[in-house]
> 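I have a structure here, written as C-alpha coordinates, and I will follow up with some questions on it.
Order of appearance sets the numbers: ligands from 1, and atoms from 1 within every ligand.
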Amino acid sequence: MRVLFVASECAPFVKTGGLADVIGAVPKALEAMGHEVKILIPAYRALLPLLETGQRVSEFSDLFGGKVRVIEVRAEGLSLLLLDAPHLFDRDGTLYLTPEGQDWPDNHLRFAALGLVGAHIAADGADGWVPDVVNCHDWQAGLLPAYLRQFKRPAPAVVTTIHNIAFQGVYGPQNLAPLGLSAELFTQDGIEYWGSISFLKAGLALADKITTVSNSYASELLMPEFGMGMEGLLTARAGDLSGILNGIDLDVWNPGTDPALPRPYNARSLKGKGINKAEVEARFDLTPNPSAPLFCAVSRLTSQKGFDMLLDCLPGLIAKGGRLALLGSGEQAIEQAFVDASQRYKGAVGVVIGYDEGLSHLLQGGSDAIVIPSRFEPCGLTQLYGLRYGTIPVVARTGGLADTIIDANDAGLQANCATGIQFSPITTQMFSQALARACDLYAQPKIWSAMVRRAMKHPVGWDVSAGAYLDVYNAALEQKSN
Ligand code: ADP
Ligand code: GLC
(Lines give C-alpha, C1' and ligand atoms only; values in the text may rest on other atoms or scores of the structure.)
(Ligands and ions follow the chains in the order given, each with its own letter.)
Protein backbone atom coordinates (compact mmCIF):
# COMPACT_ATOMS: atom_id res chain seq x y z
CA MET A 1 0.00 0.00 0.00
CA ARG A 2 1.11 3.58 -0.65
CA VAL A 3 0.49 5.93 2.24
CA LEU A 4 1.00 9.69 2.39
CA PHE A 5 1.54 11.09 5.89
CA VAL A 6 0.86 14.80 6.31
CA ALA A 7 2.08 16.42 9.52
CA SER A 8 3.75 19.49 10.97
CA GLU A 9 6.55 17.70 12.87
CA CYS A 10 8.80 14.70 12.33
CA ALA A 11 11.61 13.38 14.54
CA PRO A 12 14.55 13.57 14.38
CA PHE A 13 14.25 16.64 12.13
CA VAL A 14 11.75 18.97 13.81
CA LYS A 15 10.05 18.28 17.12
CA THR A 16 8.09 20.05 19.82
CA GLY A 17 6.43 16.97 21.30
CA GLY A 18 5.22 13.41 20.89
CA LEU A 19 3.64 14.03 17.48
CA ALA A 20 7.14 14.23 15.99
CA ASP A 21 8.19 10.91 17.53
CA VAL A 22 5.13 9.18 16.10
CA ILE A 23 5.58 10.63 12.60
CA GLY A 24 9.24 9.61 12.67
CA ALA A 25 8.44 6.05 13.76
CA VAL A 26 5.22 4.70 12.18
CA PRO A 27 6.45 5.03 8.57
CA LYS A 28 9.51 2.94 9.42
CA ALA A 29 7.31 0.24 10.92
CA LEU A 30 5.00 0.29 7.87
CA GLU A 31 7.94 0.14 5.48
CA ALA A 32 9.30 -2.86 7.38
CA MET A 33 5.97 -4.53 6.60
CA GLY A 34 6.47 -3.89 2.88
CA HIS A 35 4.48 -0.68 2.39
CA GLU A 36 5.53 2.65 0.92
CA VAL A 37 5.19 5.77 3.04
CA LYS A 38 6.08 9.38 2.23
CA ILE A 39 5.81 12.17 4.76
CA LEU A 40 4.83 15.67 3.69
CA ILE A 41 6.19 18.24 6.17
CA PRO A 42 7.00 21.95 5.94
CA ALA A 43 10.61 22.84 5.10
CA TYR A 44 11.21 24.96 8.21
CA ARG A 45 14.52 26.79 8.40
CA ALA A 46 16.17 23.85 10.19
CA LEU A 47 15.37 21.63 7.20
CA LEU A 48 16.68 23.90 4.46
CA PRO A 49 20.08 22.14 4.18
CA LEU A 50 18.22 18.93 3.29
CA LEU A 51 16.69 20.59 0.23
CA GLU A 52 20.10 20.63 -1.47
CA THR A 53 20.21 16.84 -1.54
CA GLY A 54 16.67 16.33 -2.80
CA GLN A 55 14.74 16.20 -6.03
CA ARG A 56 11.88 18.46 -7.07
CA VAL A 57 8.64 16.49 -7.50
CA SER A 58 6.15 19.32 -7.91
CA GLU A 59 5.87 23.08 -8.04
CA PHE A 60 3.19 25.78 -7.62
CA SER A 61 3.90 29.23 -9.00
CA ASP A 62 1.85 31.14 -6.43
CA LEU A 63 0.49 29.69 -3.24
CA PHE A 64 -0.53 32.14 -0.50
CA GLY A 65 1.87 34.78 -1.71
CA GLY A 66 4.91 32.91 -2.98
CA LYS A 67 6.37 30.13 -5.04
CA VAL A 68 6.22 26.64 -3.56
CA ARG A 69 8.15 23.50 -4.44
CA VAL A 70 7.92 19.97 -3.10
CA ILE A 71 11.34 18.37 -2.73
CA GLU A 72 11.72 14.66 -2.11
CA VAL A 73 14.56 13.48 0.12
CA ARG A 74 15.48 10.20 1.75
CA ALA A 75 17.00 10.85 5.18
CA GLU A 76 17.30 8.99 8.48
CA GLY A 77 15.41 6.04 7.03
CA LEU A 78 12.41 8.16 6.04
CA SER A 79 11.05 9.41 2.70
CA LEU A 80 10.29 13.08 3.13
CA LEU A 81 8.34 15.37 0.84
CA LEU A 82 9.54 18.78 1.96
CA LEU A 83 7.14 21.65 1.41
CA ASP A 84 9.57 24.36 0.38
CA ALA A 85 7.73 27.66 0.81
CA PRO A 86 10.29 30.20 2.08
CA HIS A 87 7.65 32.94 2.50
CA LEU A 88 5.84 30.71 5.01
CA PHE A 89 8.49 28.57 6.69
CA ASP A 90 11.99 30.05 6.36
CA ARG A 91 11.91 31.91 9.69
CA ASP A 92 13.43 32.18 13.14
CA GLY A 93 11.38 31.06 16.11
CA THR A 94 9.85 27.66 16.75
CA LEU A 95 7.58 25.71 14.43
CA TYR A 96 4.45 27.56 15.47
CA LEU A 97 5.67 30.58 17.41
CA THR A 98 7.54 33.81 16.73
CA PRO A 99 10.87 34.37 18.54
CA GLU A 100 8.79 36.37 21.06
CA GLY A 101 6.62 33.33 21.76
CA GLN A 102 3.43 34.44 19.97
CA ASP A 103 1.57 32.33 17.38
CA TRP A 104 2.71 33.37 13.90
CA PRO A 105 -0.08 35.65 12.66
CA ASP A 106 -0.25 33.71 9.39
CA ASN A 107 -0.37 30.21 10.89
CA HIS A 108 -3.68 29.66 9.10
CA LEU A 109 -1.96 30.27 5.75
CA ARG A 110 1.12 28.25 6.65
CA PHE A 111 -0.86 25.13 7.52
CA ALA A 112 -3.50 25.67 4.86
CA ALA A 113 -0.56 25.42 2.44
CA LEU A 114 0.33 22.08 4.00
CA GLY A 115 -3.23 20.83 3.50
CA LEU A 116 -3.56 22.23 -0.01
CA VAL A 117 -0.26 20.83 -1.28
CA GLY A 118 -1.12 17.54 0.43
CA ALA A 119 -4.44 17.51 -1.41
CA HIS A 120 -2.67 18.10 -4.74
CA ILE A 121 -0.29 15.21 -4.07
CA ALA A 122 -3.22 13.05 -2.98
CA ALA A 123 -5.09 13.76 -6.19
CA ASP A 124 -2.29 14.07 -8.76
CA GLY A 125 0.63 12.26 -7.13
CA ALA A 126 4.20 13.41 -6.71
CA ASP A 127 6.34 12.56 -9.71
CA GLY A 128 4.08 9.64 -10.57
CA TRP A 129 3.71 8.38 -7.00
CA VAL A 130 0.01 8.39 -6.12
CA PRO A 131 -1.03 7.37 -2.60
CA ASP A 132 -3.83 4.89 -1.87
CA VAL A 133 -4.45 6.45 1.53
CA VAL A 134 -3.61 9.79 3.12
CA ASN A 135 -3.11 9.95 6.89
CA CYS A 136 -3.51 13.53 8.16
CA HIS A 137 -2.22 14.30 11.65
CA ASP A 138 -3.76 16.91 13.95
CA TRP A 139 -5.21 20.28 13.01
CA GLN A 140 -2.25 21.41 10.92
CA ALA A 141 -3.19 18.85 8.24
CA GLY A 142 -6.93 19.22 8.80
CA LEU A 143 -7.85 21.17 5.68
CA LEU A 144 -6.51 18.48 3.34
CA PRO A 145 -9.81 16.61 2.91
CA ALA A 146 -11.63 19.95 2.49
CA TYR A 147 -9.45 20.95 -0.47
CA LEU A 148 -9.66 17.42 -1.81
CA ARG A 149 -13.43 17.64 -1.78
CA GLN A 150 -13.33 20.95 -3.65
CA PHE A 151 -11.31 19.37 -6.44
CA LYS A 152 -14.33 17.15 -7.18
CA ARG A 153 -12.15 14.42 -8.60
CA PRO A 154 -11.41 10.79 -7.64
CA ALA A 155 -9.22 10.81 -4.53
CA PRO A 156 -7.55 8.43 -2.13
CA ALA A 157 -9.10 7.51 1.21
CA VAL A 158 -8.33 9.94 4.03
CA VAL A 159 -7.71 9.05 7.67
CA THR A 160 -7.35 11.80 10.27
CA THR A 161 -5.41 11.05 13.45
CA ILE A 162 -6.06 13.11 16.58
CA HIS A 163 -2.97 13.46 18.74
CA ASN A 164 -4.44 16.17 20.93
CA ILE A 165 -7.96 17.60 20.62
CA ALA A 166 -6.98 20.69 22.61
CA PHE A 167 -5.43 22.20 19.48
CA GLN A 168 -8.15 22.88 16.90
CA GLY A 169 -6.88 25.52 14.47
CA VAL A 170 -9.84 27.89 14.75
CA TYR A 171 -9.84 31.05 12.58
CA GLY A 172 -12.51 33.63 11.76
CA PRO A 173 -14.94 33.16 8.84
CA GLN A 174 -13.34 36.11 7.00
CA ASN A 175 -10.51 33.71 6.16
CA LEU A 176 -12.69 31.54 3.94
CA ALA A 177 -11.85 33.34 0.68
CA PRO A 178 -8.16 34.03 1.47
CA LEU A 179 -7.75 30.30 2.20
CA GLY A 180 -9.42 29.45 -1.10
CA LEU A 181 -12.19 27.53 0.60
CA SER A 182 -15.60 27.40 -1.00
CA ALA A 183 -18.63 28.62 0.93
CA GLU A 184 -20.24 25.26 0.13
CA LEU A 185 -18.04 23.61 2.76
CA PHE A 186 -18.83 26.20 5.43
CA THR A 187 -21.62 24.15 7.02
CA GLN A 188 -22.19 22.34 10.27
CA ASP A 189 -21.21 19.00 8.76
CA GLY A 190 -18.21 20.60 7.04
CA ILE A 191 -15.58 23.02 8.26
CA GLU A 192 -17.79 25.46 10.20
CA TYR A 193 -17.30 25.50 13.97
CA TRP A 194 -19.37 27.94 16.07
CA GLY A 195 -19.31 30.48 13.27
CA SER A 196 -15.57 30.10 12.60
CA ILE A 197 -13.43 27.78 10.50
CA SER A 198 -11.80 24.90 12.37
CA PHE A 199 -9.01 23.04 10.60
CA LEU A 200 -9.38 20.10 12.98
CA LYS A 201 -13.14 19.95 12.52
CA ALA A 202 -12.59 19.84 8.74
CA GLY A 203 -10.22 16.91 9.22
CA LEU A 204 -12.69 15.07 11.43
CA ALA A 205 -15.86 15.79 9.48
CA LEU A 206 -14.46 15.06 6.03
CA ALA A 207 -12.13 12.08 6.63
CA ASP A 208 -13.22 8.53 5.85
CA LYS A 209 -11.89 7.23 9.18
CA ILE A 210 -10.62 8.84 12.37
CA THR A 211 -8.07 7.47 14.77
CA THR A 212 -6.61 8.67 18.02
CA VAL A 213 -3.63 7.49 19.99
CA SER A 214 -5.11 5.25 22.70
CA ASN A 215 -8.32 3.35 23.35
CA SER A 216 -9.11 5.22 26.54
CA TYR A 217 -8.73 8.59 24.82
CA ALA A 218 -11.01 7.38 22.00
CA SER A 219 -13.75 6.81 24.61
CA GLU A 220 -12.92 9.97 26.58
CA LEU A 221 -13.23 12.10 23.44
CA LEU A 222 -16.96 11.40 23.35
CA MET A 223 -17.42 13.16 26.70
CA PRO A 224 -17.68 16.94 27.10
CA GLU A 225 -14.85 17.02 29.70
CA PHE A 226 -12.38 15.71 27.12
CA GLY A 227 -13.99 16.33 23.70
CA MET A 228 -13.48 20.10 23.99
CA GLY A 229 -16.46 20.90 21.79
CA MET A 230 -15.86 18.11 19.26
CA GLU A 231 -17.69 15.44 21.31
CA GLY A 232 -20.94 15.80 19.35
CA LEU A 233 -19.28 15.33 15.98
CA LEU A 234 -17.15 12.47 17.29
CA THR A 235 -20.16 10.75 18.83
CA ALA A 236 -21.94 11.00 15.48
CA ARG A 237 -18.85 9.46 13.85
CA ALA A 238 -18.12 6.96 16.65
CA GLY A 239 -18.41 4.06 14.18
CA ASP A 240 -15.48 5.49 12.23
CA LEU A 241 -13.34 6.35 15.27
CA SER A 242 -10.79 4.00 16.79
CA GLY A 243 -7.89 4.16 19.22
CA ILE A 244 -4.46 2.91 18.17
CA LEU A 245 -1.93 3.01 20.95
CA ASN A 246 1.35 4.77 20.23
CA GLY A 247 4.57 2.81 20.36
CA ILE A 248 8.16 4.04 20.46
CA ASP A 249 11.15 3.70 18.18
CA LEU A 250 13.09 0.87 19.81
CA ASP A 251 16.32 1.83 18.05
CA VAL A 252 16.27 5.46 19.17
CA TRP A 253 15.13 4.57 22.70
CA ASN A 254 17.35 1.66 23.68
CA PRO A 255 19.12 1.75 27.07
CA GLY A 256 21.58 -0.82 25.78
CA THR A 257 22.95 1.40 23.00
CA ASP A 258 21.85 4.95 23.88
CA PRO A 259 24.78 7.31 23.12
CA ALA A 260 23.38 9.87 25.59
CA LEU A 261 24.06 7.54 28.53
CA PRO A 262 27.48 7.45 30.21
CA ARG A 263 26.83 3.75 30.82
CA PRO A 264 24.33 1.80 28.70
CA TYR A 265 22.58 -1.09 30.48
CA ASN A 266 19.93 -3.76 30.05
CA ALA A 267 17.45 -5.74 32.16
CA ARG A 268 20.06 -8.39 32.97
CA SER A 269 22.52 -5.90 34.42
CA LEU A 270 21.21 -2.66 35.88
CA LYS A 271 24.56 -1.49 37.26
CA GLY A 272 24.89 1.12 34.53
CA LYS A 273 21.71 2.78 35.72
CA GLY A 274 23.44 3.68 39.01
CA ILE A 275 26.33 5.31 37.13
CA ASN A 276 23.88 7.27 35.01
CA LYS A 277 22.07 8.33 38.19
CA ALA A 278 25.25 9.93 39.47
CA GLU A 279 25.51 11.85 36.20
CA VAL A 280 21.92 13.09 36.54
CA GLU A 281 22.66 14.19 40.11
CA ALA A 282 25.70 16.10 38.89
CA ARG A 283 23.90 17.74 35.95
CA PHE A 284 20.94 18.82 38.15
CA ASP A 285 22.98 19.93 41.21
CA LEU A 286 21.47 17.27 43.42
CA THR A 287 23.20 15.92 46.52
CA PRO A 288 24.56 12.52 45.45
CA ASN A 289 22.80 9.64 47.16
CA PRO A 290 22.66 6.29 45.36
CA SER A 291 20.13 4.86 47.79
CA ALA A 292 17.55 7.68 47.73
CA PRO A 293 14.88 7.53 45.02
CA LEU A 294 15.37 9.95 42.15
CA PHE A 295 12.23 11.06 40.30
CA CYS A 296 12.44 12.82 36.97
CA ALA A 297 10.07 14.77 34.73
CA VAL A 298 10.47 15.56 31.03
CA SER A 299 7.61 17.60 29.72
CA ARG A 300 5.99 20.60 28.21
CA LEU A 301 4.99 22.72 31.19
CA THR A 302 1.35 23.50 30.42
CA SER A 303 -1.80 23.03 32.46
CA GLN A 304 -2.52 19.79 30.52
CA LYS A 305 0.53 18.19 32.07
CA GLY A 306 -0.45 18.86 35.72
CA PHE A 307 2.96 19.93 37.00
CA ASP A 308 1.43 22.67 39.13
CA MET A 309 0.25 19.76 41.33
CA LEU A 310 3.80 18.48 41.63
CA LEU A 311 4.90 21.77 43.18
CA ASP A 312 2.53 21.16 46.09
CA CYS A 313 3.76 17.58 46.47
CA LEU A 314 7.43 18.53 46.84
CA PRO A 315 7.59 18.91 50.66
CA GLY A 316 5.99 15.46 51.12
CA LEU A 317 8.27 13.89 48.51
CA ILE A 318 11.38 15.34 50.09
CA ALA A 319 10.25 14.25 53.57
CA LYS A 320 10.14 10.69 52.20
CA GLY A 321 13.73 11.02 50.98
CA GLY A 322 12.80 11.58 47.33
CA ARG A 323 14.52 13.99 44.91
CA LEU A 324 13.34 15.53 41.66
CA ALA A 325 15.17 16.35 38.42
CA LEU A 326 12.92 18.26 36.04
CA LEU A 327 13.53 19.17 32.40
CA GLY A 328 10.80 21.19 30.77
CA SER A 329 9.63 24.34 29.12
CA GLY A 330 6.32 26.04 28.55
CA GLU A 331 4.20 28.48 30.52
CA GLN A 332 6.42 31.02 32.20
CA ALA A 333 4.66 30.94 35.56
CA ILE A 334 5.18 27.17 35.89
CA GLU A 335 8.80 27.44 34.72
CA GLN A 336 9.47 30.15 37.31
CA ALA A 337 7.76 28.21 40.10
CA PHE A 338 10.09 25.25 39.48
CA VAL A 339 13.16 27.46 39.32
CA ASP A 340 12.08 28.92 42.69
CA ALA A 341 11.54 25.41 44.08
CA SER A 342 15.07 24.42 43.05
CA GLN A 343 16.38 27.35 45.13
CA ARG A 344 14.16 26.53 48.09
CA TYR A 345 15.00 22.81 48.09
CA LYS A 346 18.64 23.03 47.04
CA GLY A 347 20.17 19.62 46.54
CA ALA A 348 16.78 17.88 46.49
CA VAL A 349 15.17 19.57 43.48
CA GLY A 350 17.08 20.29 40.28
CA VAL A 351 15.55 22.08 37.32
CA VAL A 352 16.63 22.68 33.75
CA ILE A 353 14.33 24.94 31.75
CA GLY A 354 14.61 24.33 28.04
CA TYR A 355 14.36 21.64 25.43
CA ASP A 356 17.23 19.13 25.34
CA GLU A 357 16.85 15.80 23.58
CA GLY A 358 20.09 14.32 24.94
CA LEU A 359 19.30 15.33 28.50
CA SER A 360 15.85 13.75 28.18
CA HIS A 361 17.54 10.44 27.34
CA LEU A 362 19.94 10.81 30.28
CA LEU A 363 17.02 11.42 32.65
CA GLN A 364 15.30 8.24 31.47
CA GLY A 365 18.56 6.31 31.80
CA GLY A 366 19.58 7.65 35.21
CA SER A 367 16.38 8.17 37.22
CA ASP A 368 14.47 5.66 39.31
CA ALA A 369 11.01 6.93 38.39
CA ILE A 370 9.32 9.38 36.02
CA VAL A 371 6.28 11.42 37.02
CA ILE A 372 3.43 12.22 34.60
CA PRO A 373 0.51 13.84 36.43
CA SER A 374 -1.42 14.88 33.29
CA ARG A 375 -5.00 16.12 33.58
CA PHE A 376 -5.59 14.50 30.20
CA GLU A 377 -3.16 12.57 28.05
CA PRO A 378 -4.11 11.24 24.63
CA CYS A 379 -1.29 8.70 24.80
CA GLY A 380 1.91 10.04 26.31
CA LEU A 381 5.31 8.74 25.27
CA THR A 382 7.53 9.48 28.24
CA GLN A 383 5.91 6.69 30.28
CA LEU A 384 6.74 4.31 27.41
CA TYR A 385 10.37 5.47 27.40
CA GLY A 386 10.24 5.04 31.20
CA LEU A 387 9.12 1.42 30.83
CA ARG A 388 11.86 0.65 28.32
CA TYR A 389 14.52 2.27 30.53
CA GLY A 390 13.24 0.70 33.78
CA THR A 391 12.33 4.16 35.07
CA ILE A 392 9.10 3.45 36.90
CA PRO A 393 6.22 5.65 35.68
CA VAL A 394 4.07 7.38 38.30
CA VAL A 395 1.06 8.47 36.27
CA ALA A 396 -2.41 9.96 36.43
CA ARG A 397 -5.03 7.41 35.40
CA THR A 398 -6.20 8.99 32.15
CA GLY A 399 -6.01 8.35 28.40
CA GLY A 400 -2.97 6.45 27.23
CA LEU A 401 -1.37 6.59 30.68
CA ALA A 402 -4.21 4.41 31.97
CA ASP A 403 -3.77 2.02 29.04
CA THR A 404 -0.01 1.48 29.30
CA ILE A 405 0.84 1.24 33.01
CA ILE A 406 -0.22 -1.52 35.39
CA ASP A 407 -0.58 -0.23 38.92
CA ALA A 408 1.52 -1.70 41.72
CA ASN A 409 -1.44 -2.33 44.01
CA ASP A 410 -1.54 -5.53 46.06
CA ALA A 411 -3.18 -7.51 43.27
CA GLY A 412 -0.76 -6.19 40.65
CA LEU A 413 2.26 -7.01 42.79
CA GLN A 414 1.00 -10.46 43.74
CA ALA A 415 0.27 -11.32 40.12
CA ASN A 416 3.75 -10.09 39.14
CA CYS A 417 2.38 -7.77 36.52
CA ALA A 418 2.81 -4.27 38.03
CA THR A 419 4.90 -1.87 35.94
CA GLY A 420 4.26 1.47 37.64
CA ILE A 421 2.00 3.53 39.83
CA GLN A 422 -1.30 5.12 38.85
CA PHE A 423 -3.39 7.62 40.74
CA SER A 424 -7.00 8.67 40.43
CA PRO A 425 -8.86 10.94 40.86
CA ILE A 426 -6.33 13.40 39.49
CA THR A 427 -5.78 15.59 42.55
CA THR A 428 -2.74 16.84 44.41
CA GLN A 429 -3.64 14.64 47.35
CA MET A 430 -3.81 11.44 45.31
CA PHE A 431 -0.64 12.38 43.43
CA SER A 432 1.13 12.95 46.73
CA GLN A 433 0.01 9.53 47.95
CA ALA A 434 1.24 7.93 44.72
CA LEU A 435 4.68 9.49 45.21
CA ALA A 436 4.77 8.23 48.78
CA ARG A 437 3.78 4.76 47.55
CA ALA A 438 6.64 4.88 45.04
CA CYS A 439 9.12 5.79 47.81
CA ASP A 440 7.84 2.91 49.97
CA LEU A 441 8.22 0.44 47.12
CA TYR A 442 11.69 1.77 46.32
CA ALA A 443 12.65 1.03 49.92
CA GLN A 444 11.97 -2.66 49.18
CA PRO A 445 14.76 -3.38 46.70
CA LYS A 446 13.59 -6.87 45.78
CA ILE A 447 10.10 -5.72 44.85
CA TRP A 448 11.41 -2.58 43.13
CA SER A 449 14.02 -4.29 40.98
CA ALA A 450 11.53 -6.98 39.95
CA MET A 451 9.20 -4.20 38.84
CA VAL A 452 12.02 -2.44 36.97
CA ARG A 453 12.90 -5.62 35.07
CA ARG A 454 9.24 -6.31 34.29
CA ALA A 455 8.78 -2.76 33.01
CA MET A 456 11.80 -3.15 30.73
CA LYS A 457 10.27 -6.25 29.16
CA HIS A 458 6.87 -4.69 28.59
CA PRO A 459 6.29 -4.51 24.79
CA VAL A 460 6.35 -0.87 23.67
CA GLY A 461 7.35 -1.14 20.00
CA TRP A 462 5.26 -0.35 16.96
CA ASP A 463 4.66 -3.80 15.48
CA VAL A 464 1.12 -4.33 16.80
CA SER A 465 0.00 -0.74 16.32
CA ALA A 466 1.46 -0.44 12.81
CA GLY A 467 -0.73 -3.42 11.89
CA ALA A 468 -3.70 -1.62 13.42
CA TYR A 469 -3.04 1.46 11.22
CA LEU A 470 -3.03 -0.83 8.17
CA ASP A 471 -6.37 -2.30 9.22
CA VAL A 472 -7.83 1.20 9.43
CA TYR A 473 -6.37 2.16 6.03
CA ASN A 474 -7.92 -0.96 4.49
CA ALA A 475 -11.26 -0.24 6.14
CA ALA A 476 -11.13 3.36 4.85
CA LEU A 477 -10.41 2.12 1.31
CA GLU A 478 -13.23 -0.36 1.47
CA GLN A 479 -15.66 2.21 2.82
CA LYS A 480 -14.71 4.60 0.04
CA SER A 481 -15.19 2.04 -2.68
CA ASN A 482 -18.75 1.24 -1.50
P1 ADP B 1 3.22 15.77 24.27
O2 ADP B 1 3.33 15.38 22.84
O3 ADP B 1 1.83 16.04 24.70
O4 ADP B 1 4.15 16.86 24.66
P5 ADP B 1 4.31 13.10 24.79
O6 ADP B 1 4.61 12.40 26.07
O7 ADP B 1 3.53 12.34 23.79
O8 ADP B 1 3.63 14.49 25.16
O9 ADP B 1 5.67 13.47 24.03
C10 ADP B 1 6.57 14.40 24.52
C11 ADP B 1 7.88 14.20 23.78
O12 ADP B 1 8.64 15.38 23.88
C13 ADP B 1 8.73 13.09 24.35
O14 ADP B 1 9.56 12.56 23.35
C15 ADP B 1 9.57 13.84 25.40
O16 ADP B 1 10.75 13.17 25.71
C17 ADP B 1 9.82 15.13 24.65
N18 ADP B 1 10.04 16.30 25.50
C19 ADP B 1 9.12 17.04 26.16
N20 ADP B 1 9.70 18.08 26.79
C21 ADP B 1 11.02 17.98 26.53
C22 ADP B 1 12.16 18.77 26.89
N23 ADP B 1 12.05 19.85 27.64
N24 ADP B 1 13.37 18.40 26.42
C25 ADP B 1 13.49 17.29 25.65
N26 ADP B 1 12.47 16.51 25.28
C27 ADP B 1 11.25 16.86 25.71
C1 GLC C 1 0.07 14.64 21.65
C2 GLC C 1 -0.44 14.15 22.99
C3 GLC C 1 0.36 12.99 23.56
C4 GLC C 1 0.68 11.98 22.48
C5 GLC C 1 1.36 12.65 21.31
C6 GLC C 1 1.71 11.69 20.18
O7 GLC C 1 1.02 15.64 21.74
O8 GLC C 1 -0.51 15.20 23.95
O9 GLC C 1 -0.37 12.37 24.60
O10 GLC C 1 1.51 10.95 23.00
O11 GLC C 1 0.52 13.62 20.77
O12 GLC C 1 0.58 11.00 19.70
> Between D132 and R2, does any NZ, NE, NH1 or NH2 come within less than 4.0 Å of an OD or OE carboxylate oxygen?
no
> Spell out, as yes or no, whether a donor-acceptor pair under 3.5 Å connects the side chain of N474 to the backbone of L470.
yes
> Answer yes when R437 and D407 have at least one side-chain N-carboxylate O distance shorter than 4.0 Å, and no when they do not.
yes
> Using the test ring-ring contact (aromatic ring centres under 6.0 Å, His included), find all partners of H108 that sit at least two apart in sequence or belong to another chain.
Y171
> What atoms in ligand 2 come closer than 4.0 Å to a heavy atom of Q304?
8 (O)
> D106 vs R91, test: salt bridge (Lys or Arg N to Asp or Glu O under 4.0 Å). Steps then yes/no.
CA-CA 12 Å; D106 59 349; R91 302 177 179 181; 2.6 Å; yes
> What part of N246, side chain, backbone, both or neither, has a heavy atom within less than 4.0 angstrom of ligand 2?
side chain
> Could you tell me, atom by atom, which parts of ligand 2 come under 4.0 Å of a heavy atom of E377?
2 (C), 3 (C), 8 (O), 9 (O)
> Could you tell me which non-hydrogen atom of A122 sits nearest to which non-hydrogen atom of V134, and how far apart they are?
CB-CG2, 3.7 Å
> Just to be sure I'm reading this right: ignoring hydrogens, which of G18, G380, S214, A20 gets closest to atom 4 (C) of ligand 2? Compare them by their nearest heavy atoms.
G380
> Give me the pairs of N or O atoms, one from ligand 1 and one from the protein, that sit under 3.5 Å apart.
from: ligand 1; atom 1: 2 (O); to: G18; atom 2: N; distance (Å): 2.6
from: ligand 1; atom 1: 3 (O); to: R300; atom 2: NH2; distance (Å): 2.8
from: ligand 1; atom 1: 3 (O); to: K305; atom 2: NZ; distance (Å): 2.8
from: ligand 1; atom 1: 4 (O); to: R300; atom 2: NE; distance (Å): 2.7
from: ligand 1; atom 1: 6 (O); to: L381; atom 2: N; distance (Å): 2.9
from: ligand 1; atom 1: 7 (O); to: L381; atom 2: N; distance (Å): 3.4
from: ligand 1; atom 1: 8 (O); to: K305; atom 2: NZ; distance (Å): 3.1
from: ligand 1; atom 1: 9 (O); to: G18; atom 2: N; distance (Å): 3.1
from: ligand 1; atom 1: 14 (O); to: K15; atom 2: NZ; distance (Å): 2.8
from: ligand 1; atom 1: 14 (O); to: D21; atom 2: OD2; distance (Å): 3.0
from: ligand 1; atom 1: 23 (N); to: G354; atom 2: O; distance (Å): 2.8
from: ligand 1; atom 1: 24 (N); to: D356; atom 2: N; distance (Å): 3.0

> Could you find the nearest protein heavy atom to atom 1 (C) of ligand 2 and give me its residue, atom name and distance?
H163 O, 3.1 Å
> Going by the order shown, which atoms of ligand 2 are within less than 4.0 Å of some heavy atom of V22?
6 (C), 12 (O)
> Heavy-atom distances under 4.0 Å decide this one: backbone, side chain, both or neither, for L19 against ligand 2?
backbone
> If you measure from the Lys or Arg side-chain nitrogens to the Asp or Glu carboxylate oxygens, is any gap between D368 and K277 under 4.0 Å?
yes
> Just by distance, with hydrogens left out, do Q102 and Y96 show a side-chain donor and acceptor under 3.5 Å apart?
no
> Quick check: does C379 get an N/O under 3.5 Å from an N/O on ligand 2?
yes
> Under a 4.0 Å N-O cut-off, is there an ion pair linking E279 with R263?
no
> Looking at every non-hydrogen atom in both residues, tell me the closest pair between C10 and I39 and how far apart they are.
SG-CD1, 4.2 Å
